[in-house]
Amino acid sequence: VQLQASGGGLVQAGGSLRLSCAVSGRTFSSYVMGWFRQAPGKEREFVAGLNWSGTYYADSVKGRFTISRDNAKNTVYLQMNSLEPEDTAVYYCAAKTLGELISMVPGPYNYWGQGTLVTVSS
């Protein structure tokens, strides 16, 4: 399984970006997918997750970010609106191929993309 994230960039506070993560794998629709982020000097943190039954968000992004997937394209998205300087980080997509639960910690995700940098200027 390989993941390729894209869509990062520089945006002003209040703006929007959409991240994409293309996933190889024949059973993509069964994977639990997650987005994490890591700011300089900080630990990697959960942003959003999605499984067959629903989605889950970190409190810091709830109401601003939306995770979704297109099983026909083997792609998961993260729509980010009302961006804040505190959202500046490298964003990683991750796939959890075992189990059905969304995990808020990185450990259970067994495949990771390379990361895409999001910079929000004030």
Side-chain angles (χ1 to χ4, degrees):
V1 177
Q2 294 183 322
L3 286 72
Q4 180 72 40
S6 62
L10 174 64
V11 64
Q12 288 188 333
S16 298
L17 280 175
R18 188 177 80 156
L19 306 182
S20 300
C21 179
V23 183
S24 69
R26 291 180 293 176
T27 56
F28 167 74
S29 61
S30 69
Y31 301 163
V32 175
M33 298 301 301
W35 285 97
F36 288 75
R37 66 187 181 186
Q38 188 165 16
K42 295 187 177 181
E43 293 186 352
R44 192 167 297 191
E45 65 173 358
F46 174 82
V47 175
L50 177 150
N51 66 3
W52 67 272
S53 65
T55 57
Y56 193 78
Y57 298 92
D59 287 343
S60 59
V61 307
K62 201 172 294 183
R64 300 188 297 124
F65 290 11
T66 303
I67 186 172
S68 62
R69 73 196 302 163
D70 184 336
N71 289 332
K73 296 182 178 180
N74 274 27
T75 301
V76 63
Y77 303 98
L78 185 69
Q79 177 67 44
M80 305 185 295
N81 298 328
S82 301
L83 283 161
E84 304 169 352
E86 293 74 22
D87 297 316
T88 295
V90 176
Y91 283 70
Y92 298 89
C93 59
K96 176 174 170 286
T97 61
L98 302 175
E100 299 180 342
L101 297 179
I102 298 170
S103 174
M104 295 179 65
V105 295
Y109 293 85
N110 44 343
Y111 296 98
W112 290 83
Q114 83 287 6
T116 184
L117 176 63
V118 172
T119 304
V120 184
S121 63
S122 57

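- In terms of heavy atoms, Leu3 sits closest to Tyr111 at CD1-CB, 3.6 Å.
- Taken to the nearest 0.5 Å, the CG atom of Leu117 stands 8.0 Å off from the OG1 atom of Thr88.
- In this structure, OG on Ser82 lies 7.0 Å from CZ on Arg64, to the nearest 0.5 angstrom.
- Neither side chain, Asp70 nor Thr75, offers a donor N or O lying under 3.5 Å from an acceptor on the other.
- Phe65 and Val11 fall within a single hydrophobic cluster, where Ile, Leu, Val, Met, Phe, Trp and Tyr side chains are chained together by heavy-atom contacts under 4.5 Å.
- Residues Ser16 and Asn81 share a closest heavy-atom pair of OG-OD1, 2.9 Å.
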Side chain to side chain contact (heavy atoms under 4.5 Å, CB included) evaluation trace for Trp112 with Phe36: CA-CA 10 Å; Trp112 290 83; Phe36 288 75; 3.6 Å; yes

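- Atom CG of Asn110 sits about 3.5 Å away from atom OG1 of Thr97, to the nearest 0.5 Å.
- Residue Ile67 comes nearest to Thr55 through the heavy atom pair CG2-CG2, 3.7 Å, listed as atom of the first residue, atom of the second, then distance.
- Between Arg69 and Tyr31, the closest side-chain pair of non-hydrogen atoms falls below 4.5 Å.
- Both Trp35 and Val1 sit in one connected hydrophobic cluster of ILVMFWY residues. Membership requires side-chain heavy atoms under 4.5 Å apart, directly or through other members.
- Each salt bridge (Lys or Arg N to Asp or Glu O under 4.0 Å) pair with one or both residues in residues 98-114, not counting sequence neighbours, would appear here, but there are none.
- A donor-acceptor pair is defined here as one N or O able to donate and one able to accept, closer than 3.5 Å; such a pair exists between the side chain of Asn74 and the backbone of Gly25.
- Considering only residues two or more places apart in sequence or on other chains, Arg18 meets the side-chain hydrogen bond (donor to acceptor under 3.5 Å, both in side chains) condition with none of them.
- Note on residues 44-55: pairs passing salt bridge (Lys or Arg N to Asp or Glu O under 4.0 Å), not counting sequence neighbours, are Arg37-Glu45.
- With sequence neighbours left out, the side-chain hydrogen bond (donor to acceptor under 3.5 Å, both in side chains) criterion links Ser68 to no other residue.
- When all heavy atoms are compared, the tightest approach of Pro108 to Ser103 is CG-OG, 3.3 Å.
- Looking at heavy atoms from C-beta onward, Tyr57 lies out of side-chain contact with Phe46 at the 4.5 angstrom threshold.
- Residues forming a side-chain hydrogen bond (donor to acceptor under 3.5 Å, both in side chains) with Ser122 (at least two apart in sequence, or on another chain): none.
- Applying the disulfide bond (SG atoms under 2.5 Å apart) test to pairs two or more places apart or on separate chains, those with a residue in residues 8-103 are Cys21-Cys93.
- A distance-only check finds no donor-acceptor pair linking the side chain of Ser20 to the backbone of Ser6 [under 3.5 Å].
- In this structure, the side chain of Thr116 engages the main chain of Gly8 through a donor-acceptor pair within 3.5 Å.
- Legend: disulfide bond (SG atoms under 2.5 Å apart) pairs involving residues 47-83, not counting sequence neighbours: none detected.
- The hydrophobic cluster analysis finds Leu98 isolated: no Ile, Leu, Val, Met, Phe, Trp or Tyr side chain comes under 4.5 Å of it, directly or through other members.
- Looking only at side-chain heavy atoms (C-beta outward), Val23 and Met33 come within less than 4.5 Å of each other.
- Looking at heavy atoms from C-beta onward, Tyr109 lies in side-chain contact with Val32 at the 4.5 angstrom threshold.
- Among residues two or more places apart in sequence or in another chain, the side-chain contact (heavy atoms from CB on, under 4.5 Å) test is passed with Ser30 by Thr27.
- Scanning for side-chain hydrogen bond (donor to acceptor under 3.5 Å, both in side chains) contacts around Lys42 gives an empty result, with sequence neighbours left out.
- Identified under the ring-ring contact (aromatic ring centres under 6.0 Å, His included) test for residues 76-100, with sequence neighbours left out: none.
- Atom CD of Gln114 sits in a crowded spot, with more than 12 heavy atoms from other residues, nucleotides or ligands closer than 6.0 Å.
- With sequence neighbours excluded, the residues forming a side-chain contact (heavy atoms from CB on, under 4.5 Å) with Ser29 are Asn71, listed by chain and number.
- Side chains of Val118 and Met80 form a contact here, defined as non-hydrogen atoms less than 4.5 Å apart.
- At least one side-chain heavy atom of Leu78 sits under 4.5 Å from a side-chain heavy atom of Val47.
- Using a 4.5 Å cut-off on side-chain heavy atoms (C-beta onward), Val120 and Glu84 make no contact.
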